[in-house]
Amino acid sequence: MHFLRGILPWLGMALASTVASAAAAGPMFALHQVGPGIWAAIAVPGSPAGSNSGFIIGDKAVLVVDSFEDPAAAQALLQVIHEKTALPVRYLINTHYHLDHVSGNGVYQAAGAVIMAQRNVRAWERTENLKFFGDSITPAQRKTVQSYVLPTVVYRNGLELYLGHRKVVVRVLPGHTGGDSIVAVPDAKVVFTGDLFWNHCLPNLIDADTRAQIHSNAVFLQDYPSATFVPGHGAIGHAADVVAFRGYLQALRDAISSASRHGEHGAALQSKVLAQLKAGYGQWHYFDYFVRKNIAQTSAELAGTKRVPVAAP
């Protein structure tokens with residue numbers, strides 16, 4: 001994952017120069033229309049975009065979901081939005097605090113958008129993101145994280161926004177970080193899930209409550225059975241893809257629990273669970289990168305020893 005290797009030192013770069021450099025390096029995302037006036041920007045694997053984004057056009061305004069890992073990608077998407085519509089970009093929703101979803105916030109703030117998120121995002125964005133650089137974080141990396149543009153409007157459980165006649169429903173669901181939002185467009189049956197759903201990708205579970213995340217994916221299936229889902233990572237999905245991802249989380253928990261009951265722990269548990277998961281999920285994106293982390297972090301979760309971010313009071 002690009003964001004776990006660190007982020008580019010873009011501070012102080014001229015925006016036009018940044019966009020030109022990004023364009024020269026190749027496309028950072030692929031644009032897909034997923035409904036009338038609704039577009040998903042699916043990150044090109046390995047590109048500075050780092051995660052998926054997208055935008056919703058109403059008859060009065062535009063709402064953007066997430067702002068990528070690199071401001072250059074955010075600026076490139078903003079340019080695309082301006083090519084699609086002359087309406088103002090009025091809102092940006094951060095689905096959670098992880099840096100690959102918030103690093104481009106400043107681009108949209110400069111364009112006049114109000115940045116909105118669950119209240120924990122504001123509390124964690126400049127603190128919890130430091131951990132992705134590890135113990136060897138440099139002063140420049142620390143400065144970059146602490147310069148992230150924070151949401152200026154926060155909510156506890158969600159809200160409704162009207163882009164003219166088009167209603168957008170923002171819901172808070174548990175599982176990935178403790179501050180996760182989804183963005184649903186009822187008239188088009190489109191749901192942006194953030195990182196609560198990864199399509200045929202092993203997820204980052206560093207902050208996750210996997211039991212809660214399994215439940216939230218069940219909510220997707222119950223409340224939006226015929227929706228088009230835009231995941232935080234991976235291709236555009238549908239109900240069958242949500243079922244598959246939910247199955248991975250359950251298989252991970254079950255394999256760890258079974259190995260623990262049989263007295264396995266440490267390296268032996270890792271080896272046994274990895275072999276079981278590889279049989280069913282070895283072809284999924286990021287398997288080699290995340291599988292050992294998934295096992296270790298979920299083992300700690302099940303044992304009650306996992307460190308997770310503390311919610312804002």
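Owing to the predicted nature of the structure, the values given are computational and were not obtained by experimental measurement.
- Of all non-hydrogen atoms in Gly234 and Ile42, the two that sit nearest each other are O-CG2, 3.6 Å.
- Note on ring orientation: taking the six-membered ring where Trp is involved, the planes of His101 and His96 are tilted (angle from 30° to 60°).
- Using a 4.5 Å cut-off on side-chain heavy atoms (C-beta onward), Tyr155 and Asn157 make no contact.
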Does the pair Phe192 and Thr95 meet the rule for a side-chain contact (heavy atoms from CB on, under 4.5 Å), with working shown?
CA-CA 9 Å; Phe192 291 81; Thr95 61; 5.6 Å; no
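- At a threshold of 4.5 Å between non-hydrogen side-chain atoms, the residues Ser257 and Leu302 count as touching.
- Looking at Asn204 and Asp195, their side chains never come closer than 4.5 Å, going by heavy atoms from C-beta outward.
- Applying side-chain contact (heavy atoms from CB on, under 4.5 Å) to Tyr224 and the options Ile182, Val190, Val242 leaves one that passes, Ile182.
- The main-chain N or O of Tyr148 is found under 3.5 Å from a side-chain atom of Arg126 such that the two form a donor-acceptor pair.
- Here the closest non-hydrogen pair linking Leu87 and Ala61 is CD1-N, 4.0 Å.
- Nearest heavy-atom pair across Ala41 and Phe29 is CB-CD1, 3.9 Å.
- Between Phe220 atom CZ and Asp241 atom CG the span is 13.0 Å, to the nearest 0.5 Å.
- Within a 6.0 Å radius of CZ in Arg307, more than 12 heavy atoms belonging to other residues, nucleotides or ligands are found.
- By the neighbour-count criterion of 12 heavy atoms within 6.0 Å, atom CD of Gln283 is sparsely surrounded, having that number or fewer from other residues, nucleotides or ligands.
- At distances below 3.5 Å, at least one donor-acceptor pair connects side-chain atoms of Asn217 with backbone N or O atoms of Leu196.
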Passes side-chain contact (heavy atoms from CB on, under 4.5 Å), Val107 versus Ser67? Steps please.
CA-CA 8 Å; Val107 170; Ser67 64; over 6 Å; no
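- Taking 4.0 Å as the cut-off between side-chain N and carboxylate O, Glu125 and Arg122 do not count as a salt-bridged pair.
- Looking at heavy atoms from C-beta onward, Arg156 lies out of side-chain contact with Val172 at the 4.5 angstrom threshold.
- A distance-only check finds a donor-acceptor pair linking the side chain of Trp124 to the backbone of Val310 [under 3.5 Å].
- Between the side chain of Glu69 and the backbone N or O of Ser103 there is no donor-acceptor pair closer than 3.5 Å.
- Nearest heavy-atom pair, Ser53 versus Val230, reported as atom, atom and distance to 0.1 Å: O-CG1, 4.4 Å.
- A donor-acceptor contact under 3.5 angstrom links the side chains of Asn94 and Asn105, judged on distance only.
- Counted within 6.0 Å of NZ on Lys306, heavy atoms from surrounding residues, nucleotides or ligands total more than 12; the atom is thus considered enclosed.
- Among all heavy-atom pairs drawn from Leu173 and Ser216, the shortest one is CB-OG, 3.5 Å.
- In summary, of the residues considered (Thr127, Asn120, Asn129), a side-chain contact (heavy atoms from CB on, under 4.5 Å) with Tyr97 occurs for Asn129 alone.
- A salt bridge is absent between Glu301 and Arg211; no separation between the charged side-chain nitrogens and carboxylate oxygens falls under 4.0 Å.
- A ring-centre distance under 6.0 Å is found for His176 and His98.
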Pair Tyr281, Leu252 - check side-chain contact (heavy atoms from CB on, under 4.5 Å), show working.
CA-CA 10 Å; Tyr281 303 98; Leu252 172 66; over 6 Å; no
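- The side-chain heavy atoms of Ile57 and Leu163, taken from C-beta on, include no pair separated by under 4.5 Å.
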Applying side-chain contact (heavy atoms from CB on, under 4.5 Å) to Leu31 and Phe55, what does each step give before you reach the verdict?
CA-CA 10 Å; Leu31 202 65; Phe55 58 94; 4.1 Å; yes
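- Proximity of a side-chain donor or acceptor of Ser299 to a complementary backbone N or O of Ile295 within less than 3.5 Å is detected.
- Taking both residues in full, the closest heavy atoms of Gln213 and Ala208 are given as OE1-CB, 3.8 Å, listed atom of the first, atom of the second, then distance.
- Two residues are said to be in side-chain contact when any heavy atoms from C-beta on lie closer than 4.5 Å; Met28 and Val44 fail this criterion.
- Atom CD1 of Ile256 sits about 12.0 Å away from atom CZ of Arg261, to the nearest 0.5 Å.
- Within the 4.5 Å cutoff, no side-chain heavy atoms of Leu99 are placed close to those of Thr144.
- Within a 6.0 Å sphere centred on NE2 of His285, heavy atoms belonging to other residues, nucleotides or ligands number 12 at most.
- Of the residues listed (Asp66, Val121, Leu161), the one engaging Ile93 in a side-chain contact (heavy atoms from CB on, under 4.5 Å) is Leu161, and it is the only one.
- A heavy-atom distance below 4.5 Å is found between the side chains of Thr298 and Arg253.
- A donor-acceptor pair under 3.5 Å is absent between the side-chain atoms of Gln118 and the main chain of Asp180, judged by distance alone.
- Other residues, nucleotides and ligands contribute at most 12 non-hydrogen atoms within 6.0 Å of the NZ atom of Lys60.
- If you check the side chains of Asp100 and His233, you find a donor sitting under 3.5 Å from an acceptor.
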